[in-house]
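Below is one structure; the comments refer to it alone.
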Amino acid sequence: QVQLVESGGGLVQPGGSLRLSCAASGGTFGDYVMGWFRQAPGKERESVAAISRGGLSTFTTDSVKGRFTISRDNAKNTVYLQMNSLRPEDTAVYYCAASLIYPLTHSEVDFRAWGQGTQVIVST
């Protein structure tokens, strides 16, 4: 079972940028579809983005399209979420997750391995 550790969260002003990273260990990283999810206070966890095993196919939810970009480096066993033009409504705990569903999924039920989450706060 792959283990996942997120990093890169923090406090940022509206309009700013952050890059989240998720390092994987204990499995063959290239076997997994990777996803980013987020959970805001008082809300259900939602899918943000997902990327196929080779990185050629991606999914980005409508609310972050054009602002967030998911990418991966299989040589480094790491998936990234570049977040630009951040808004207060992007405030949430962000989780990365791994799925063996091929070729691409962004459904939470398909992801079996999860990181512990990293907090992102967008505020003045």
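The residues of the chain are indexed from 1 along the displayed sequence. Quick caveat, the model's predicted, so the values are computed rather than measured.
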Measure across A98 and Y32 and return the closest heavy-atom pair with its distance rounded to 0.1 Å.
CB-CD2, 3.6 Å
Please assess M83 against V120 for the test side chain to side chain contact (heavy atoms under 4.5 Å, CB included), listing each intermediate value before the final yes or no.
CA-CA 10 Å; M83 305 187 296; V120 171; 3.9 Å; yes
Can you give me the closest heavy-atom contact between L81 and A49, atom names plus distance?
CD1-CB, 4.2 Å
Less than 6.0 angstrom from the centroid, inside 45 degrees of the normal: does R72 satisfy that with respect to the ring of F29?
yes
Do the side chains of V33 and V48 join up, straight or via other hydrophobic residues, at under 4.5 Å, putting them in one cluster?
no
Test of ring centre spacing under 6.0 Å for W114 and F37:
yes
Joint cluster assignment, F111 & W36, ILVMFWY side-chain distance < 4.5 Å
no
Restricting to pairs with a member in residues 80-95, which pass side chain to side chain donor-acceptor pair (under 3.5 Å), not counting sequence neighbours?
S17-N84, R38-D90, R38-Y94, R67-D90, Q82-N84
Considering only heavy atoms from C-beta outward, does the side chain of Q116 approach that of V5 to under 4.5 Å?
yes
Hey, mind stepping through I70 and V79 against side chain to side chain contact (heavy atoms under 4.5 Å, CB included) and telling me if it holds?
CA-CA 7 Å; I70 188 171; V79 62; 4.0 Å; yes
Within the 4.5 Å heavy-atom criterion, are S52 and T58 side-chain neighbours or not?
no
On a heavy-atom basis, which atom in G30 and which in R53 lie closest, and how many Å separate them?
O-CB, 3.2 Å
By side-chain hydrogen bond (donor to acceptor under 3.5 Å, both in side chains) - contacts of R45 (at least two apart):
E108
Please, which pairs that meet disulfide (SG to SG under 2.5 Å) have at least one residue in residues 8-62, sequence neighbours excluded?
C22-C96
Search all heavy atoms of G117 against all heavy atoms of E6 and return the closest pair with its distance.
N-OE1, 2.9 Å
Closest approach of A24 to V2 (non-hydrogen atoms, all atoms of both residues):
CB-CG2, 3.7 Å
Residues F59 and S47: closest non-hydrogen pair is CE2-OG, 3.5 Å
Would you please name every residue forming a side-chain hydrogen bond (donor to acceptor under 3.5 Å, both in side chains) with K65, sequence neighbours left out?
D62
Got a sec, which residues hit salt bridge (Lys or Arg N to Asp or Glu O under 4.0 Å) with R19, two or more places apart in sequence or on another chain?
none
Side chain to side chain contact (heavy atoms under 4.5 Å, CB included) involving S7 - partner list, sequence neighbours excluded:
S21
Flag side-chain contact, heavy atom, 4.5 Å: P14 against P88:
yes
